[in-house]
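As structure tokens, the structure follows; a few thoughts come after it.
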There are 2 protein chains.
Amino acid sequence: MASDKAYETITADDVAQLAGVSRWTVHRAFKKDASISAKSRGKVMAAAETLGYVPDLLAVSLASDRSGLVAILVDDFANPQQTTNIALLTKTLRRAGWHTLLVHTLDEVDASAGLLHASQHRVDAAILIGGRFNDEELAAALGAQRLRRLIVYGRVSLNPKTVSICCDDTDAMTEVAEYVLSRGYRKPLFVAGPPTKSAHILRKDVFLQRWAEATGTTPEVIVAGSYDPDHANGVVTAHFDALERAAYPDVVVCETDAIAMGAMDALRYGFGLRVPDDIAVTGFDDVPYAGNRNYDLTTYQQPNAVLADAVVEVLKGAANTAQFSKLSGKLVVRSSA
Amino acid sequence: MASDKAYETITADDVAQLAGVSRWTVHRAFKKDASISAKSRGKVMAAAETLGYVPDLLAVSLASDRSGLVAILVDDFANPQQTTNIALLTKTLRRAGWHTLLVHTLDEVDASAGLLHASQHRVDAAILIGGRFNDEELAAALGAQRLRRLIVYGRVSLNPKTVSICCDDTDAMTEVAEYVLSRGYRKPLFVAGPPTKSAHILRKDVFLQRWAEATGTTPEVIVAGSYDPDHANGVVTAHFDALERAAYPDVVVCETDAIAMGAMDALRYGFGLRVPDDIAVTGFDDVPYAGNRNYDLTTYQQPNAVLADAVVEVLKGAANTAQFSKLSGKLVVRSSA
DNA sequence: ATTTTTCTTGCACGCGGGTGCAAAAGCGCC
DNA sequence: GGCGCTTTTGCACCCGCGTGCAAGAAAAAT
């Protein structure tokens, strides 16, 4: 194993000495369009090369007040949409020059603690992907702490101090509702995710409203306490257990793919139902597994790349952030409905 | 959205002024068992409370040469075992007081670049979870850069400058082989993951050897280029496409659950085979989905919590690190084999 | 009351690098 | 060669906090 001092620290001073210039000249050599002669920049670069000099980002952050770090707060790794987002965001941010501090928040209270820790690292922004948090409380923290920006990802926050980056649930869920109606389903069950304290997912409300407009009836709704497929499985099982066969819905509309997958497993293995022959299922997000032959889920595809790019825009100081909460994806029709 | 200066920076100086003491006394107040009078500590704490003072971790890191940061390098978010590990590690590390820098490495070359960036943040350790890297090259970097420890997670690295934390593939895969033999299977197909440049997964070799010892025959082997289930699906499909029905193996032994899940999908949906009636499948890792009713995979359960705890031990400076590469899990028998 | 001993406290200096300004060097020109 | 101007370079000071040491204050011993 590596000893605690296996490395030697090369600072700008070392480079300066070798190059025969002052430390500040070294810094200039590394700074794009700084006033420095070609000759001394050459000397510095050569010296830096031979010494293997790399600037210390900690010191850079301290001095420049920009850390190049973005915190991502996540609370539910069982939700495939979240892991997908983490993967995409870390990749996108890295390409754009930011590094990621991944904070695994344990519960709602802990989200604030996580945010505090992130701020102590002077992150340039904190992105909330998780579901269990209270953005009012967070916004309070926002004022007091060293937090530049708070980005709520994948849902709408009404707090003006935060930036929401998400697709327009109204358009999206309306499209899903239209599709379900157009396919002739008439007895839907909506499976919602955990209720939110503040930053909302509007899918349920939109679906219910659109459905009521079109049919004059209100669909039944059940609520899953988390976006873990296994949990959704249990909730759906409990619901169907209490139902006569004749009372089964003809379509199960789920707030997310994670829920849809759990629901589908429940229907198939718990009640021997065939999808879509006996009952249809729709999801939302189009996570990687949704296209899998097991599920082949009809779902609404999030514009993931666009969302991730929006984060970079915000980091770069985009002025008009309102547009970022109205992005749109597209309906993906597969065999499940 | 938050303006760029929404926060006010409260430093120890501010607290000192309010408390009527010097800055150093403030630091002492926050330092466990520092020599300071109860009275002034009280004053400091009160002042810190009213101002909402929180130490700047960047400055702490710079001054103390300990960042409290650990980098996790990952390359494949499609592999459920990796996301599981990320979740567990971030949680475990956070509880133990470390924060996580998540680096999404794009390819093998990029792993070195990622490690370099991590070192620029003075991480206390870097953990390699990914598969696509070359640990010799990384070890070279290790000497030159500001990297205290390099932990290779989930596989064995022979490089003495790194610490391997993983379960003992020899014991584990022997157990799997014994089980497969005991169930009467005689015509196995081994589906291996991508070949490694240096830090190895020994499962294939162990299985082949044990099988040869027991039966005198050598199982057929095919190689998947990644641990993405979809990719494995394709590889298995291609293999079976070229086979007569009579030549099908009776059991498909997979290097990981991710591969097993892809393989199972291929067998079922591509060739109409029933698992385990027509063909059996085994995995390795026991990822969350492995227990799902769709797969219900017989697999070898990694001692995840033990592995994660081992990381903390190493960070705390555990002397005897050799033990950490010989941990053991347990065989989980389900219906797939 | 004086001297020791023990606590407390203040402070210089360092971590590695960024900023703005002033001195120095280089330049063209008369 | 001397002048004024532009480019280079050096430097003081700062980011916020930690360490070790020495001076000051309080408590104990004489």
Side-chain angles (χ1 to χ4, degrees), chain A residues 5 7-17 19-45 47-48 51-69 119-124 145-146 148, chain B residues 4-5 7-45 47-48 51-69 119-124 145-146 148:
Chain A
K5 272 292 181 188
Y7 59 84
E8 19 172 350
T9 304
I10 309 283
T11 74
D13 278 308
D14 301 319
V15 178
Q17 192 169 8
V21 297
S22 71
R23 179 162 76 73
W24 296 273
T25 303
V26 173
H27 290 304
R28 285 199 188 84
F30 278 90
K31 193 171 174 183
K32 189 73 182 169
D33 52 55
S35 88
I36 183 176
S37 69
K39 189 176 59 180
S40 43
R41 169 168 273 156
K43 281 193 297 184
V44 169
M45 289 317 213
L51 290 177
Y53 168 73
V54 173
D56 184 320
L57 294 179
L58 234 50
V60 172
S61 305
L62 184 61
S64 69
D65 205 42
R66 285 192 64 262
S67 66
L69 234 44
S119 78
Q120 289 186 272
H121 281 286
R122 293 205 196 172
V123 295
D124 294 335
Q145 290 158 18
R146 200 195 303 278
R148 284 194 177 57
Chain B
D4 273 21
K5 270 294 180 185
Y7 58 86
E8 17 171 352
T9 303
I10 309 282
T11 72
D13 277 308
D14 301 319
V15 178
Q17 193 170 9
L18 182 67
V21 298
S22 71
R23 179 164 72 75
W24 296 272
T25 303
V26 173
H27 291 304
R28 285 198 188 83
F30 278 90
K31 193 171 172 180
K32 189 74 182 167
D33 51 57
S35 89
I36 183 176
S37 69
K39 189 178 58 181
S40 42
R41 167 168 273 154
K43 283 193 297 184
V44 169
M45 289 319 214
L51 290 177
Y53 168 73
V54 173
D56 183 322
L57 294 180
L58 234 50
V60 171
S61 304
L62 184 60
S64 70
D65 205 44
R66 287 192 62 263
S67 66
L69 234 44
S119 77
Q120 289 186 272
H121 281 286
R122 292 203 195 175
V123 295
D124 293 335
Q145 289 158 17
R146 202 194 302 279
R148 286 196 176 56

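Per chain, numbering begins at 1; letters A, B, ... match sequence-line order.
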> Taking CD1 from B/I36 and P from C/dT6, how many angstroms apart are they, rounded to a whole number?
Replying inline: 21 Å
> Given the rule in the side-chain contact (heavy atoms from CB on, under 4.5 Å) test, do B/T11 and B/D56 qualify, once you have shown the distances and angles that lead to the verdict?
Replying inline: CA-CA 8 Å; B/T11 72; B/D56 183 322; over 6 Å; no
> Quick one: what's the B/S/- string for nucleotides 13-24 of chain C, heavy-atom cutoff under 4.0 Å, read 5' to 3'?
Replying inline: -BBBBBBB----
>> With side-chain contact (heavy atoms from CB on, under 4.5 Å) as the criterion, how do A/L69 and A/R122 come out once you've worked through the C-alpha distance, each side chain's angles and the decisive distance to 0.1 Å?
In response: CA-CA 8 Å; A/L69 234 44; A/R122 293 205 196 172; over 6 Å; no
>> For a quick test of reading the model: is some side-chain N or O of A/S61 closer than 4.0 Å to OP1 or OP2 of D/dC15?
In response: no
> Would A/Q120 and B/V60 satisfy side-chain contact (heavy atoms from CB on, under 4.5 Å), going step by step from the backbone distance to the final call?
Replying inline: CA-CA 10 Å; A/Q120 289 186 272; B/V60 171; over 6 Å; no
>> Could you tell me if the side chain of A/D65 sits less than 4.5 Å from the side chain of A/R148, heavy atoms only?
In response: yes
> Which atom names give the shortest non-hydrogen contact between A/I36 and A/S40, and what distance separates them?
Replying inline: CG1-OG, 3.6 Å
> If only side-chain N and O atoms of B/S22 are considered, is one of them under 4.0 Å from the OP1 or OP2 phosphate oxygen of C/dC11?
Replying inline: no
> Under 4.0 Å between a side-chain N/O of A/T25 and OP1 or OP2 of D/dT8, yes or no?
Replying inline: no
>> Please report the distance, rounded to the nearest Å, between NZ in B/K39 and P in D/dA25.
In response: 13 Å
> Can you tell me how far P of D/dC15 sits from CZ of A/R66, to the nearest Å?
Replying inline: 19 Å
> Pick one: which of B/V21, B/V26, B/T25 meets side chain to side chain contact (heavy atoms under 4.5 Å, CB included) with B/V15?
Replying inline: B/V26
